[in-house]
Protein chains: 2
Amino acid sequence: MTEDVFKALADPTRRRILDELAERDGQTLFEICSRLAIKHDLGLSRQAISQHLAVLESAGLVLSRREGRYKFHELNTRPLEHIVTRWLRPDTPEGTP
Amino acid sequence: MTEDVFKALADPTRRRILDELAERDGQTLFEICSRLAIKHDLGLSRQAISQHLAVLESAGLVLSRREGRYKFHELNTRPLEHIVTRWLRPDTPEGTP
DNA sequence: ACTATAGGCAAGTAGCGACTTGCGTATGGT
DNA sequence: ACCATACGCAAGTCGCTACTTGCCTATAGT
């Protein structure tokens, strides 16, 4: 559950992937690979990214649909919404000093 | 920075410690140890908890003040507030389907 | 049919991270 | 002065995890 969400967010490369999907949804594995290689200097193998995507997917942060030989990935922010409210006090809801 | 926050949140024991401090602020190391041992069944050594607290402290999630031979720890939720908004889309701000 | 593309599976390696163990330091009580 | 308490430091062990490498499957194009 939220257990996997925290573990998924622990890795900086996975967070970069989420950034990439937040910027442009529906990318394939190869697109994400080349984007990460170009925009950031991450020279990671295809399998590395694939495994990261698997972790993100089992955490529910990434949804994928397969079409032909392409697999498109999209970001799902639902699991992110309430993982932190667990510690946030009900007082000072937004900006009430 | 936020790098350390995610790493700090990755461990379930550290999240338990945050829970404990959220429930009662200003606990010492021994208090946290015995609380974790009793309420949850974590039979961890003192140093284990101490190292976890060090991680949480360097992430800015826990602040500590020393008084005599006691060191009191308190929760700081500031670093938690904006780590997730990075991926949350500006649409559907709270509950607007 | 053949080749290239997009991706998956599995085993192996290296390094980090959680935890322990042992010893050391400082404060407080008597 | 003595001892117990509350905590810190340092090294060592063990398991997990990120990453690679090699091979395999399936779809698309020609």
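So that the names make sense, note that chain A is the first sequence line, chain B the second, and so on, each numbered from 1. These numbers come from the heavy atoms of this one structure, side chains and all, not from hydrogens, waters or symmetry mates.
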Participant: Answer yes or no: does a side-chain N or O of B/S45 lie under 4.0 Å from OP1 or OP2 of C/dT20?
Facilitator: yes

Participant: From the list D/dA18, C/dC19, D/dC7, which nucleotide is the closest neighbour of the side chain of A/D11?
Facilitator: D/dA18

Participant: Donor-acceptor pair, distance only, cut-off 3.5 Å: does the side chain of A/R35 make one with the backbone of A/I17?
Facilitator: no

Participant: Over how many whole Å does the gap from A/E67 atom CD to D/dT27 atom P extend?
Facilitator: 13 Å

Participant: Please report, rounded to the nearest Å, how far the P atom of D/dT25 is from the CZ atom of A/R66.
Facilitator: 14 Å

Participant: Using heavy atoms to find the nearest nucleotide of DNA chain D for A/T13 and A/R46 separately, return the residue whose nucleotide is more 5′.
Facilitator: A/T13

Participant: Nearest whole angstrom, please: distance from the C1' of C/dA6 to the CD of A/E31.
Facilitator: 11 Å

Participant: A/K7 side chain N/O closer than 4.0 Å to the phosphate oxygens (OP1, OP2) of D/dT17?
Facilitator: yes

Participant: Expressed in angstrom and rounded to an integer, what is the separation of B/L53 atom CG from C/dG17 atom P?
Facilitator: 18 Å

Participant: CD of A/Q27 versus P of C/dA6: gap in Å, rounded?
Facilitator: 14 Å

Participant: Hydrogens and angles aside, do A/E57 and A/S64 bring a side-chain donor and acceptor to less than 3.5 Å of each other?
Facilitator: yes

Participant: What's the CZ-P distance between B/R65 and D/dA6, to the nearest Å?
Facilitator: 16 Å

Participant: Between C/dG8, C/dT20, D/dA18, spot the one nearest the side chain of A/S50, thanks.
Facilitator: C/dG8

Participant: For A/Y70 and C/dA6, what is the distance between atoms OH and P respectively, to the nearest whole Å?
Facilitator: 5 Å

Participant: Would the number of heavy atoms belonging to other residues, nucleotides or ligands and lying under 6.0 Å from CZ of B/R78 be above 12?
Facilitator: no

Participant: From B/L63 CG over to B/D25 CG, what is the distance, rounded to the nearest 0.5 angstrom?
Facilitator: 9.0 Å

Participant: How many Å lie between CG on B/L56 and P on C/dG17, as a whole number?
Facilitator: 14 Å

Participant: For the side chain of B/F30, counting heavy atoms from C-beta on, which of D/dA6, C/dC19, D/dT20 is nearest?
Facilitator: D/dA6

Participant: Starting at the 5' end of DNA chain D and moving along, which residue's nearest nucleotide shows up first, B/L29 or A/G68?
Facilitator: B/L29

Participant: Do A/Q51 and D/dT20 have a side chain to base donor-acceptor pair shorter than 3.5 Å?
Facilitator: yes

Participant: Choosing from C/dA6, D/dC19, C/dA18, which nucleotide comes nearest the side chain of B/H52?
Facilitator: C/dA18

Participant: Nearest to the A/Q47 side chain among C/dG22, C/dA18, D/dG22, which nucleotide is it?
Facilitator: D/dG22

Participant: Would you indicate which nucleotide in D/dC19, D/dA6, C/dC19 comes nearest to any side-chain atom of B/R69?
Facilitator: D/dA6

Participant: Is the closest side-chain heavy-atom distance between B/I32 and B/H73 below 4.5 Å?
Facilitator: yes

Participant: State whether A/K71 places a side-chain N or O below 4.0 Å from either non-bridging phosphate oxygen (OP1 or OP2) of C/dG8.
Facilitator: yes

